[in-house]
Amino acid sequence: MAESVSDEVILDIKNISLNFGGVKALTDISFDVRVHEIRAIIGPNGAGKSSMLNCINGVYQPQVGSIAFRGQTFKHMSSRQVAEMGVARTFQNLALFKGMSVLDNIMTGRTLHMKTGLLLQALRWGPAEREEMAQREKVEHIIDFLEIQAHRKTPVGRLPYGLQKRVDLGRALAMEPEVLLLDEPMAGMNVEEKQDMCRFILDVNKEFGTTIVLIEHDMGVVMDISDRVVVLDYGKKIGDGLPDEVRRNEDVIRAYLGTSH
Amino acid sequence: MSNANLLLNVNGIKVIYNHVILVLKGVSLQVREGSIVALLGGNGAGKTTTLRAISNLLEGERGEVTKGAIELRGERIEKLSTAQMVERGVVQVMEGRHCFAHLSIEENLLTGAYTRKDGKAAVATTLEKVYSYFPRLKTRRGSQAAYTSGGEQQMCAIGRALMANPRMVLLDEPSMGLAPQIVAEVFEIVKDLNAREGVTFLLAEQNTGMALRYADYGYILESGRVVLDGEAHALRENEDVKEFYLGTGGASADNPRKSFKDVKSYKRRKRWLA
Amino acid sequence: ETKEQFFPLLVYRTGPYAPNGTPWANGKQDYIKMVNARDGGINGVKITFEECETGYATDKGVECYERLKGKGASLFDPQATGITFALTDKVIKDKIPLVTLGYGLAASQDGGVFKWNFPLMGSYWTAADMLIQHLAKKEGGFDKLKGKKIALVYHDSPFGKEPMPLLDERQKMHGFELIKIPVTAPGVEQKSAWLQVRQQRPDYVLLWGWGVMNSTALKEAQATGYPREKMYGVWWAGAEPDVKDVGEGAKGYNALALNTSGQAPKVIQDILKYVHAKGEGTGPKDEVGSVLYTRGLIIQMLGVEAVRRAQERFGKGKVMSAEQVRWGLENLALDQKRLDALGFSGVLRPISTSCQDHMGSTWARVHTWDGAKWNFSSDWLQADEQILKPMVKVAAEKYAAEKKLERRTPADCQS
Amino acid sequence: MFYRENGQFKTSYRADSQIFPIRQDRVAVAALLLLAFVGLPLLATDYLFSAILIPFLILSLAALGLNVLVGYCGQISLGTGAFMAVGAYAAYNFQVRIEGMPLLVSLLMGGLCATAVGVLFGIPSLRIKGLYLAVATLAAQFFCDWAFLRIKWFTNNSSSGNVSVSELSVLGLAIDAPVQKYLFCLSLVTVFALLTKNLVRGAIGREWMAMRDMDVAAAVIGIRPVYAKLSAFAVSSFIVGVAGALWGFVHLGSWEPAAFSIDRSFQLLFMVIIGGLGSVMGSFFGAAFIIFLPIALNQLPRLLGLQIGTETASHLELMVFGALIIFFLIKEPHGLARLWSTAKEKLRLWPFPH
Amino acid sequence: MGFLIETIFGGLMTGMLYSLIALGFVLIYKASGVFNFAQGAMVLFAALAMARFTEWIPQWTGLTQPLLVNGLGFLAACAVMVLVAWLIERLVLSKLVNQEGITLLMATIGVTYLMEGLGQTLFGSDIYKIDVGMPKDPIFLFEKTFEGGVLVNKEDLYAALIAAAMVALLALFFQKTATGRALRAVADDHQAAQSIGIPLSRIWVIVWAVAGFVALVAGVIWGSKLGVQFSLSLVALKALPVVILGGLTSVPGAIIGGLVIGVGEKVSEVYLGPLMGGGIEIWFAYVLALLFLLVRPQGLFGEKIIDRV
Ligand SMILES: Nc1ncnc2c1ncn2[C@@H]1O[C@H](COP(=O)(O)OP(=O)(O)OP(=O)(O)O)[C@@H](O)[C@H]1O
Ligand SMILES: Nc1ncnc2c1ncn2[C@@H]1O[C@H](COP(=O)(O)OP(=O)(O)OP(=O)(O)O)[C@@H](O)[C@H]1O
Ligand SMILES: [Mg+2]
Ligand SMILES: [Mg+2]
């Protein structure tokens, strides 16, 4: 996909530092994400990868640093504002709405697109009905795309882990985001399922032009599908570049890959 | 497989959740004392359910074994409680970590030794051993488990089970969320405990390559049935396994593995029974 | 075909008010059993009954009412102010009399508006009035009340608030200071109420409580050292369960009494003979004749007498409809002779009701706990009609206006 | 074999997102409504209406409102009684202070006042969660109890704090006889149940459930916690307020604050838990369980011809009731509604075991 | 001034008694994540048992020595409470492992009804007396300093001392020990606790038995103050703001919460009440708790509520 990646920066992260009491989760991290690229974040456990995503979408407020979205800088931002700007996200520890069906989970992703008021919704009449159906159609596309048609009405809690991850992705996709943050979307999948998941991610990237930030521990996946890779270790950035450069980086090998790779 | 040192014998079990959802449709498997057995299969195949059935954790999920038998060293165990299983040396590492959120990492680990009767000193030794396996845990020992990273929690869950000094460990997706280096280490630990202390392992794993490299024997589960089983090395050579679980199907010598990028279409796993 | 006069009995034998509700209910039931056993019913009409447990809760009370009214109920005695309020509207349509002896709405004394309510023998206004009179007597005249402090420690509910208009009126007349101290129902925590008593140091405390609130108040009074001799309860705060477990600590405490207690009266003897001796007593034998038990007897006796009175007009030996019983209640005339005949001599004063007066008697006495039993400590007191009448009239008119009711015509009074 | 959805293909999303997608269910519901609106009025006795069906309907409505808050939005409330009281007293004041106020308008205005109070006491929910939130709602409960007892204005200066209403009528039709009251309540409840069902299966319902299941994730998706939580408080207390007004106006006719005490709040909470959190149908099941069962248990000894005292009977009733609650929870922790749907699922598979 | 001190003192005493009941809630919540609605019913049950046993024992054995009778009655009531704990575990909790908190809460409501019915069937529903020889009359302190002195209720004082001792004992017992840790683990995640071999049933029997014991002590103290009858179960309601204010998981929190609420409600009622028509103490306690919670949503000493993605 490298050819279609422009040089335009969509997300510019500058000097982010984040502490929890004594724990320095992130120290002075800067990197950028370009429009339409697949940007991987890797690093050992506890390096601060998930925290980085949490900073980007407003769950954590970093003590130092700023994040610019399409050149617009912000420091404190509520999750809602970030969502409105077109950033969606999946979670490492599944954060699905357990009591709801697959369909409803994905429908929640359309919240920002739903406009009818409470009263009309209660009557479910006219515009409310039309809107609901229009959104439903969009969601059905996603369900088809992720091939979970059979589970539409199943409560997500009953699904096996791998499918739950897929629903999580579906919910994020439903937001029609410009930037999609994926936190270990392939954990707990076997190779074939990972292949499918990669296919989904690549398709999203290509068909919808979505920029993707991906955290993943499977080096095979990272090396194959990402355009550029950031490496974190103990909250510090220790590498940034094309997959092949990163793979050869001594620091990265020592801290993360180990010799077996 | 000879019956001589049979540790665990699962015989044709059926499991139903919520009185209506039939998940295991007659699963049988054997684990010999001192072996490492891998349980493979796609999402929703029933691996977790099988492990839950063995360690008797189904009740809390409103599931029940409706048919078949499970024997541990010849003793029927379906009626035992999980605590009694732990007393018999069988400990499960649950899928999805399940750390005690409000307890610190160290407290989590110490709780793992709840059933031990061999004194504080012995527990302390095991604790040190776990810390040496997972140095990262030592640095985070004082923080509440809920506020550690996913991988740290995974290490904590594995370490907690090891604290019980088990004879048999049921590992559910140990590699999930761990960095490659740590994954390798976890498997080394498994091998190490197995070789040196004779601990038996039954592991449900998605990282098929790793699992088959370390296991002696493997079972492949799909839709609640065992569809294939055999010695690990034999499975590694099986074409279907290669294609669907190892991702090396049709690979050639100079290109050992197909790139994830080059997968052009979604595949549906071959239905073994179809 | 047997003829049966049916009495539904709304009772509470469970919940926070059970210790007080139980003897009351037992009294009602035993009286019915006794009349059946001794007299063979009312002029040959057997009395039947069915109990329904309300737990003192209004919604359950309404459920009981709805369930039992269809069985040919003669009258209802809901045993609770809240249920009374809820039923007051319903009985108009259902045409069933509501007997609320010593409780209920004070204004319902006015039979001209409240056709179906019978607050026989007293309301909270008469009670409050008698207490103030008694205090004045103790002080040596109404003029001596000036500048005195009287605290009303009350159950924070319509029951506890009902006496206020009268006390306010009396306060204006005599210039004492009325301090109102609410106690949240059911009244198990009264520390702050009694702290306030200690802070204000009133000359008298009027206790308007029910159930556990009474004994708790006495214990708190003991704990804060407030003299029990200066405490005066309404007649619902003057029975055995209120003082029994306080024992010595309640010595000297006074309360109004609508009736006697003890096993001396003939009616009690009859009950022991015809009911308890046969092993058919409803409660324990030693509770027979206690204050609330006896009150239960009286309530039931008045109900039975109302039926008897109605039979005199509508046909002896017939089963009376609720409407006919209502007429009976409105035309009760129990003079001393009749009371003696019924075995109630000394238990209560004669009572006679009329279309305009549904109370029939406004007399009570004060009794005092000596640590083991209740002893009368005053003469008969009577509420002051001069004060009461206009107040009742105003309140009843207001009610009638709200409900768009017409005052009953003399013709209606005859029917 | 007759309960199948096989062969019922949905050709549109609209058809698929009906309230009852399975035809047999639709038929059953239609039959039920027919029975309720036509059958019962012909058959039932006054006792059944006044003592059982009317309270059942009104409390179902209140439970429905509470279910929106607790079941759908996950905010535990012990202040339902208070919101009912606000509805009742507000409606009362509209009724007595404004000449010629139509009953229906009074009831709805009562609901609106309850909404305002509900939202006010819902504000702490933005910061306080779970059982801790119960304190905020308990504060509402006890404050309202106190206010209606103490502030004379609310009770139109009634000296005892007791208020009453009479001569109800809607659009010129008197609501007087039990059967009229029943039909009036039934219509309101049906309409509210429908509207609520529409809400909970629509966008706002999903927002509520998302808040309930995982609030951080919900925020990341773009759901505003303030809006979601407070709208749940608003909708819930509106329904509860209307139910309260009905309870006062239609069922009791005359009431004091004790009619809406903390006991009522607990009772309603029990209903939604036993019936099924997050289920419209569950509210009805729960109300039925909590109202019918004690009455049935109470009648049981008599029906069996057993002679036991009222006291023993009520204690027995308590015990059996408690035991049954436990029994059903063990059978199905998610409430009667779930038990019902599991049963249907089984029926769907019948005669095959799975 | 003297009166203010007296009011505060009275508040502290009452608060201590609330703490005692709150403690029962905290114990069970801390050890199993169950909000035990039945705590009030347990108090009633225990007190009824104690009251009736002290009544029956002289009848059965002819013993009359009050200390002995009370002692035996107390032991018998203890035994009853252990039996109750065992039954609750067997019949209810063991069947509801790994269910959500709200389901368990509802189950304890079922237990409440059962115990209220059973207790009154077995022991009767009249008013009974517990007389453990608590002095009933007041003492006056600082009579020289303040006019009228500061009144202290001796019974309250003893009760508060007993409550404080209980609370201290339990705090010690549950802090830092292996059992304490296991209890907290169970509260966090039933299934995970099971998976590492913590025997839920044994733990629960122990905890419920201890909570039963606490209920008994509370029942004896409150019962000797109020008399033993149904209303006793309602005092549990007063402990609700206390536990929540103190933090559902904190034993010391139960004490501090009790004291804060006790003093808050007495002072507000006595000084603000008359201005507002009285009876404000109930809602005032809750508003007070609410204000604290706005600052600390997990209560004064409760464990931080974890929400993380
Ligand atoms: N508690 C439950 N209630 C109902 N169904 C369940 C429950 N747990 C699991 N299932 C169902 O059982 C089937 C097998 O699930 P299981 O978790 O055993 O699969 P798995 O092989 O471990 O999959 P994964 O690799 O994704 O973890 C799935 O279809 C799932 O939907
Ligand atoms: N809310 C929090 N409070 C305290 N510490 C936290 C919090 N969130 C994260 N941390 C700490 O910050 C560090 C980075 O955590 P993070 O979850 O970002 O790691 P990660 O790179 O995603 O690791 P993994 O690959 O294991 O998921 C960890 O040591 C973690 O314990
Ligand atoms: Mg992470
Ligand atoms: Mg699994």
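Residue numbers begin at 1 in each chain, while the letters A, B, ... track the order of the sequences.
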> Which atoms form the tightest heavy-atom contact between A187(A) and M176(B), and what is the distance?
Replying inline: CB-CG, 3.7 Å

>> For M219(A) versus P180(B), what's the shortest heavy-atom pair and its separation?
In response: CG-CG, 4.3 Å

>> To the nearest 0.5 Å, what is the distance between NE2 on H217(A) and OG on S175(B)?
In response: 10.5 Å

> Does atom NZ of K25(B) have more than 12 heavy-atom neighbours, drawn from other residues, nucleotides or ligands, at distances under 6.0 Å?
Replying inline: yes

>> Just verifying a value: how many Å separate N207(B) CG and K194(A) NZ, rounded to the nearest 0.5 Å?
In response: 6.0 Å

> Should we say atom NZ of K236(A) is surrounded by more than 12 heavy atoms from elsewhere, each under 6.0 Å from it?
Replying inline: no

>> Please find the pair of heavy atoms, one from G46(A) and one from R136(B), that lie closest to each other, and give the distance.
In response: O-NH2, 3.3 Å

>> Need one label for I182(B): side chain, backbone, both or neither, based on atoms under 4.5 Å from any heavy atom in chain A.
In response: side chain

>> How about CD on E59(B), more than 12 heavy atoms from neighbouring residues, nucleotides or ligands closer than 6.0 Å, or not?
In response: no

> Any side-chain heavy atom of R97(B) sitting closer than 4.5 Å to one from N93(A)?
Replying inline: yes

>> Using 0.5 Å steps for rounding, measure from the CZ atom of R158(A) to the CG atom of N18(B).
In response: 5.5 Å

>> With a 4.5 angstrom heavy-atom cut-off, is it the side chain or the backbone of E152(B) that approaches chain A, or both, or neither?
In response: both

> How far apart are the C-alpha atoms of R166(A) and N43(B), what are their side-chain angles, what is the distance that settles it, and do they pass the side-chain hydrogen bond (donor to acceptor under 3.5 Å, both in side chains) test?
Replying inline: CA-CA 11 Å; R166(A) 231 182 273 179; N43(B) 288 139; 5.1 Å; no

>> If I measure from the heavy atoms of chain A, does E95(B) come under 4.5 Å with its side chain, its backbone, both, or neither?
In response: side chain

>> Just verifying a value: how many Å separate F20(A) CZ and T148(B) OG1, rounded to the nearest 0.5 Å?
In response: 11.5 Å

>> Using only atom types and a distance under 3.5 Å, with no angle test, would you say the side chain of N45(A) pairs donor to acceptor with the backbone of M155(B)?
In response: no

